[in-house]
Amino acid sequence: KPRNGKHVLVCPAGGIICNIYGHDHEKWLDNTLKILKNNSDREVRVRHKPKIVGNKMKEKVKLEDDLKDCYAVVTHSSTVAIHAQLLGIPTFCDPVCVAAPVSHTDFSKIESPLWDPDMRQKWLHTLAWSQFTLPEFQNGLAYKHMKRMIEERQ
């Protein structure tokens, strides 16, 4: 069941991803914010991609904190959409995003999020089945990893 939250979290793609897809980072963000403002009265928070210094991410606000009391996540193609879906937060994204099968790609529908538990479960299965190689399934590595992840969330 999706959560009832108060704010919309917008996670624009970084400059490199925007260049790959031929998008202008600032134009995407400006256009997205206009669409959200025209279709919702909810607070909108923008979370830019954290900088990586050495091997550590330098983030001002932890992702978990931004996702607390979050109504929906809007992104171009960020993996934040996966984290949101796992927490029961609806997502809106570009059609190229891995979360597109369980998300609206029309941001003007922000007040009518897509939430279909069966579709979400099938999508999660597809992600899980695509994550490991056949030998990793055979030797138990995939099972051990998924079991550990489930136990950590409980």
Side-chain angles (χ1 to χ4, degrees), residues 1-131 145-146 148-154:
K1 184 176 183 177
R3 291 181 171 185
N4 291 322
K6 292 190 169 95
H7 67 275
V8 174
L9 183 64
V10 176
C11 300
I16 293 170
I17 296 298
C18 285
N19 288 338
I20 289 170
Y21 287 105
H23 294 291
D24 178 279
H25 172 81
E26 293 300 323
K27 284 183 183 175
W28 182 92
L29 181 58
D30 289 345
N31 186 48
T32 298
L33 293 175
K34 283 178 193 171
I35 292 169
L36 296 174
K37 184 178 180 180
N38 288 336
N39 292 281
S40 179
D41 292 331
R42 294 178 193 275
E43 173 192 357
V44 175
R45 297 181 189 172
V46 177
R47 179 183 179 83
H48 293 281
K49 193 164 189 69
K51 304 240 184 278
I52 298 175
V53 178
N55 286 337
K56 298 201 176 207
M57 274 202 279
K58 298 290 182 181
E59 49 190 4
K60 294 178 182 174
V61 177
K62 291 186 181 237
L63 178 59
E64 300 82 41
D65 293 336
D66 270 340
L67 292 175
K68 283 181 190 163
D69 206 25
C70 183
Y71 166 75
V73 167
V74 177
T75 185
H76 176 272
S77 57
S78 176
T79 55
V80 173
I82 297 171
H83 293 280
Q85 283 285 331
L86 289 171
L87 293 171
I89 302 168
T91 51
F92 294 76
C93 63
D94 191 89
V96 301
C97 183
V98 70
V102 291
S103 305
H104 274 310
T105 57
D106 179 350
F107 299 169
S108 70
K109 295 181 178 179
I110 191 67
E111 290 299 325
S112 302
L114 180 63
W115 192 260
D116 181 329
D118 292 333
M119 184 179 358
R120 180 178 170 268
Q121 193 63 42
K122 288 176 186 172
W123 171 74
L124 288 170
H125 286 166
T126 300
L127 287 181
W129 294 332
S130 301
Q131 186 72 30
H145 176 76
M146 287 185 273
R148 187 181 81 240
M149 296 306 287
I150 290 168
E151 288 171 348
E152 287 176 5
R153 293 197 180 279
Q154 294 175 348

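Side-chain atoms are counted along with the backbone in the values below, which use heavy atoms only and exclude waters and symmetry mates. These numbers come from a predicted model, not from an experiment.
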Check your understanding: Between E43 and R45, is any pair of side-chain heavy atoms under 4.5 Å apart?
Key -> yes

| message | Whether the side chain of H76 engages the backbone of H25 through a donor-acceptor N/O pair (distance < 3.5 Å, no angle test) should be reported. | response | no

One should read off an interatomic distance between L124 CG and M119 CE, to the nearest 0.5 angstrom, of 12.0 Å

The single option from P113, C70, S112 that satisfies side-chain contact (heavy atoms from CB on, under 4.5 Å) with P90 is P113

Note: L114 and P101 closest approach over all heavy atoms is CD2-O, 4.5 Å

Tightest non-hydrogen contact, residues A84 and T91, listed as CB-CG2, 3.7 Å

In short, A81 meets C97 closest at the heavy-atom pair CB-SG, 4.2 Å

Item to complete: Please check if the side chain of R120 supplies one atom and the backbone of Q85 the other of a donor-acceptor pair under 3.5 Å.
Response: yes

CG of N38 to CG of L33, rounded to nearest 0.5 Å, is 11.0 Å

Nearest heavy-atom contact between R42 and G5 is NH1-O, 3.2 Å

Problem set entry | Under 3.5 Å: donor-acceptor pair, side chain of T32, backbone of W28 | yes

Is K68 salt-bridged to D65, going by a charged N under 4.0 Å from an acidic O?
-> yes

Check: So, the side chain of H7 versus the backbone of D69: is there a donor-acceptor pair under 3.5 Å, distance only?
Finding: yes

- Query: Does T75 reach the side chain of L9, with side-chain heavy atoms less than 4.5 Å apart?
  - Reply: no

Looking only at heavy atoms, the pair that brings V8 and Y71 closest together is CG2-CD2, 4.0 Å

Original post:
For D41, does the CG atom sit with more than 12 other heavy atoms under 6.0 Å from it, leaving out its own atoms?
Top reply: no

CG of L127 to CD1 of I82, rounded to nearest 0.5 Å, is 5.5 Å

| query | Between V44 and K37, is any pair of side-chain heavy atoms under 4.5 Å apart? | reply | no

Taken to the nearest 0.5 Å, the spacing of K122 NZ from D118 CG works out to 6.0 Å

(Q) Any side-chain to backbone donor/acceptor pair from W115 onto G88? Under 3.5 Å, distance only. (A) no

Review point. Sub-3.5 Å donor-acceptor pair from the side chain of H48 to the main-chain atoms of P12, do we have one?
Key: no

- [ ] Give me the ring orientation class for F107 and F92: parallel if the planes are under 30° apart, tilted from 30 to 60°, perpendicular past 60°.
- [x] perpendicular

On a heavy-atom basis, the closest approach of A72 and I89 is CA-CG2, 3.7 Å

For R47 and L63: C-alpha separation, side-chain torsions, deciding distance, then whether side-chain contact (heavy atoms from CB on, under 4.5 Å) applies. CA-CA 9 Å; R47 179 183 179 83; L63 178 59; 3.8 Å; yes

Rounding to 0.5 Å, atoms CD (E64) and CG (D66) come to a distance of 9.5 Å

The reported gap from NZ in K27 to CG in D30 (rounded to nearest 0.5 angstrom) is 10.0 Å

Exercise for the section: Ignoring hydrogens and angles, tell me if any N or O in the side chain of N39 forms a donor-acceptor pair with the backbone of I35 under 3.5 Å. Expected result: yes

